[in-house]
K.L.:
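Please see the structure below; I have some questions.
Side chains included, hydrogens not; waters and symmetry mates left out as well; all remaining heavy atoms used.
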Amino acid sequence: MKPQSDTWAAGDAYERYMGRWSRLVADGFVTWLECADGLRWLDVGCGTGALTAMVAARCRPRKVLGLDRSAGFVTTARAAAPAPACFAVADGLSLPARDAVCDVAVSGLALNFFPAPGAAVAEASRVVRPDGLVAAYVWDYAEGMGFLRHFWDAVIAVDPSAAAVDEGRRFPVCRPDPLRSLWTGAGLVDVDVVPVEVATVFSGFADLWEPFLAGQGPAPGYVAALAPAARDRLRDALRASVPTRADGSIALTARAWAVRGRRPLRAGT
């Protein structure tokens with residue numbers, strides 16, 4: 001089975017599926033970066049604006065610009081983010097910025113969706129000043145993203161031929177060693193990779209399952225392509241696999257890997 005095309009258009013649907021957890025990770029990520037006030041930030045692949053909004057609220061930036069290819073996501077981001085955040089539709093592989101115009105370039109949960117992740121990191125490095133910071137975080141699809149791991153394990157239990165579309169297999173870059181290699185390969189120095197974990201607590205099974213029906217992203221896109229009977233089998237397999245507490249809630253954890261590095265002060269250093 002070939003991976004389906006990933007859909008990124010409806011910001012509100014994405015918010016319920018992933019945005020609520022992305023905001024928690026963005027908080028931990030920004031805390032880890034420990035950046036000074038008054039910097040110029042660029043958020044590449046900003047989605048619905050979780051990271052851009054966190055930077056605007058927590059880092060007192062001189063400017064923070066969020067860029068995403070999805071006009072629908074940019075519309076959602078504009079409606080919710082605090083000043084001085086601003087947004088534009090743009091491709092992360094061809095940033096609409098001159099060389100060395102930013103202090104910090106970041107990306108949240110987007111790097112693995114670029115067709116050429118290494119080119120995206122190199123482009124982010126181009127637009128930061130010497131000694132500027134390039135940083136990102138991605139979900140640990142293979143092991144640490146609890147509700148998605150349960151989902152794909154249920155998918156494969158119902159249909160073993162679907163293993164090829166498992167995000168843990170599709171996105172091998174979402175591990176510490178490949179991330180480190182991307183950053184060093186772009187010529188960045190002082191590279192560091194750390195885990196960021198957050199709790200993902202669902203009020204009940206419907207709170208976990210229904211966002212998978214909205215079609216935004218790889219897992220919901222897979223569900224959208226299923227016939228109704230196959231969808232019901234997957235739902236039942238997932239329900240049976242997740243740990244449910246006495247009150248019906250489901251408490252899992254989600255781990256992201258965060259990476260950062262600096263553009264050298266001089267070429268080759």
K.L.:
Just to verify, what does R62 make a salt bridge (Lys or Arg N to Asp or Glu O under 4.0 Å) with, not counting sequence neighbours?
P.N.:
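If we apply the salt bridge (Lys or Arg N to Asp or Glu O under 4.0 Å) test to R62, skipping adjacent residues, there are no hits.
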K.L.:
Considering non-hydrogen atoms only, spot the tightest contact between A162 and I156 and give its length.
P.N.:
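Nearest heavy atoms, A162 then I156: C-CG1, 4.5 Å.
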K.L.:
Step through it carefully: locate the ring centre of F87, locate the ring centre of F73, and say whether they are under 6.0 Å apart.
P.N.:
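No, they do not, as the ring centres are separated by 6.0 Å or more.
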K.L.:
Under 3.5 Å, sequence neighbours excluded: what are the donor-acceptor pairs made by side chains of residues 176-187?
P.N.:
from	atom 1	to	atom 2	distance (Å)
R180	NH1	V191	O	3.2
S181	OG	D177	O	3.1
W183	NE1	V134	O	2.9
T184	OG1	R180	O	3.1
T184	OG1	S181	O	3.2

K.L.:
Taking the six-membered ring for Trp, are the ring centroids of Y222 and W152 within less than 6.0 Å of each other?
P.N.:
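Yes: the rings meet the under 6.0 Å criterion.
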K.L.:
Identify, with sequence neighbours excluded, every residue that meets salt bridge (Lys or Arg N to Asp or Glu O under 4.0 Å) alongside D91.
P.N.:
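Not a single residue meets the salt bridge (Lys or Arg N to Asp or Glu O under 4.0 Å) criterion with D91.
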K.L.:
Which donor-acceptor pairs under 3.5 Å do the side chains of residues 49-58 make with protein atoms, sequence neighbours left out?
P.N.:
from	atom 1	to	atom 2	distance (Å)
T52	OG1	D43	OD2	2.6
R58	NH1	D27	OD1	2.1
R58	NH2	T31	OG1	2.8

K.L.:
When you look at CZ of R20, are more than 12 heavy atoms from neighbouring residues, nucleotides or ligands closer to it than 6.0 Å?
P.N.:
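Result for CZ/R20: enclosed.
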K.L.:
Only counting residues at least two apart or in another chain, list the ones meeting side-chain contact (heavy atoms from CB on, under 4.5 Å) with A79.
P.N.:
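Testing A79 for side-chain contact (heavy atoms from CB on, under 4.5 Å), a comparison that skips the adjacent residues, returns none.
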K.L.:
Within the side chain of R40, is there an N or O that forms a donor-acceptor pair under 3.5 Å with the backbone of V101?
P.N.:
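The answer is yes, because a donor-acceptor pair under 3.5 Å joins these two groups.
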K.L.:
My understanding is that only residues two or more places apart in sequence, or in another chain, count here; which of them pass side-chain hydrogen bond (donor to acceptor under 3.5 Å, both in side chains) with E210?
P.N.:
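Residues passing side-chain hydrogen bond (donor to acceptor under 3.5 Å, both in side chains) with E210: R16.
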K.L.:
Taking NZ, NE, NH1 and NH2 as the nitrogens, is one of them in R126 or D99 under 4.0 Å from a carboxylate oxygen of the other?
P.N.:
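A salt bridge is present here (some side-chain N lies under 4.0 Å from a carboxylate O).
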K.L.:
With a cut-off of 6.0 Å (strictly less than), are more than 12 heavy atoms of other residues, nucleotides or ligands near CZ of R245?
P.N.:
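Enclosed: over 12 neighbouring heavy atoms sit under 6.0 Å from CZ of R245.
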K.L.:
Among pairs that include at least one residue of residues 36-72, which meet ring pair (Phe, Tyr, Trp, His ring centres under 6.0 Å), considering only residues two or more places apart or in two chains?
P.N.:
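Matches after skipping sequence neighbours: none remain.
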K.L.:
Mind checking what makes salt bridge (Lys or Arg N to Asp or Glu O under 4.0 Å) contact with E143, not counting sequence neighbours?
P.N.:
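Checked E143 against salt bridge (Lys or Arg N to Asp or Glu O under 4.0 Å); matches are R175, R255.
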K.L.:
Looking at residues at least two apart in the chain, or sitting in another chain, which of them share a side-chain contact (heavy atoms from CB on, under 4.5 Å) with A157?
P.N.:
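If we apply the side-chain contact (heavy atoms from CB on, under 4.5 Å) test to A157, skipping adjacent residues, there are no hits.
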K.L.:
Has the side chain of T200 got a donor or acceptor atom that lies under 3.5 Å from a matching backbone atom of L252?
P.N.:
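Between the backbone of L252 and the side chain of T200 there is a qualifying donor-acceptor contact (under 3.5 Å).
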K.L.:
Could you note down all residue pairs passing salt bridge (charged side-chain N to carboxylate O under 4.0 Å, His left out) where residues 213-234 supplies at least one of them, sequence neighbours left out?
P.N.:
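Every salt bridge (charged side-chain N to carboxylate O under 4.0 Å, His left out) pair that includes a residue of residues 213-234, provided the two are not neighbours, is D232-R235.
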K.L.:
Rounded to the nearest 0.5 Å, what separation is found between the CD atom of E123 and the OG atom of S94?
P.N.:
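One finds 6.0 Å between CD of E123 and OG of S94.
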K.L.:
Do the non-hydrogen side-chain atoms of L213 and Y17 ever get within less than 4.5 Å of each other?
P.N.:
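No - every pair of side-chain heavy atoms lies 4.5 Å or more apart.
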K.L.:
Once you round to the nearest 0.5 Å, how far does CG of L109 lie from CH2 of W21?
P.N.:
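So the gap between those two atoms works out to 13.5 Å.
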K.L.:
Going by the rule side-chain contact (heavy atoms from CB on, under 4.5 Å), which residues pair with T244 if we only count those two or more places apart in sequence or in a different chain?
P.N.:
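Partners of T244 under the side-chain contact (heavy atoms from CB on, under 4.5 Å) test: V242, I250.
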K.L.:
Which residue pairs pass the salt bridge (charged side-chain N to carboxylate O under 4.0 Å, His left out) test when at least one of the two sits in residues 105-120, sequence neighbours left out?
P.N.:
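For residues 105-120, and leaving out neighbouring residues, there are no salt bridge (charged side-chain N to carboxylate O under 4.0 Å, His left out) pairs at all.
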K.L.:
If I take atom CG from residue D153 and atom CG from residue D166, how far apart are they, to the nearest 0.5 angstrom?
P.N.:
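With rounding to 0.5 Å, CG (D153) is 7.0 Å from CG (D166).
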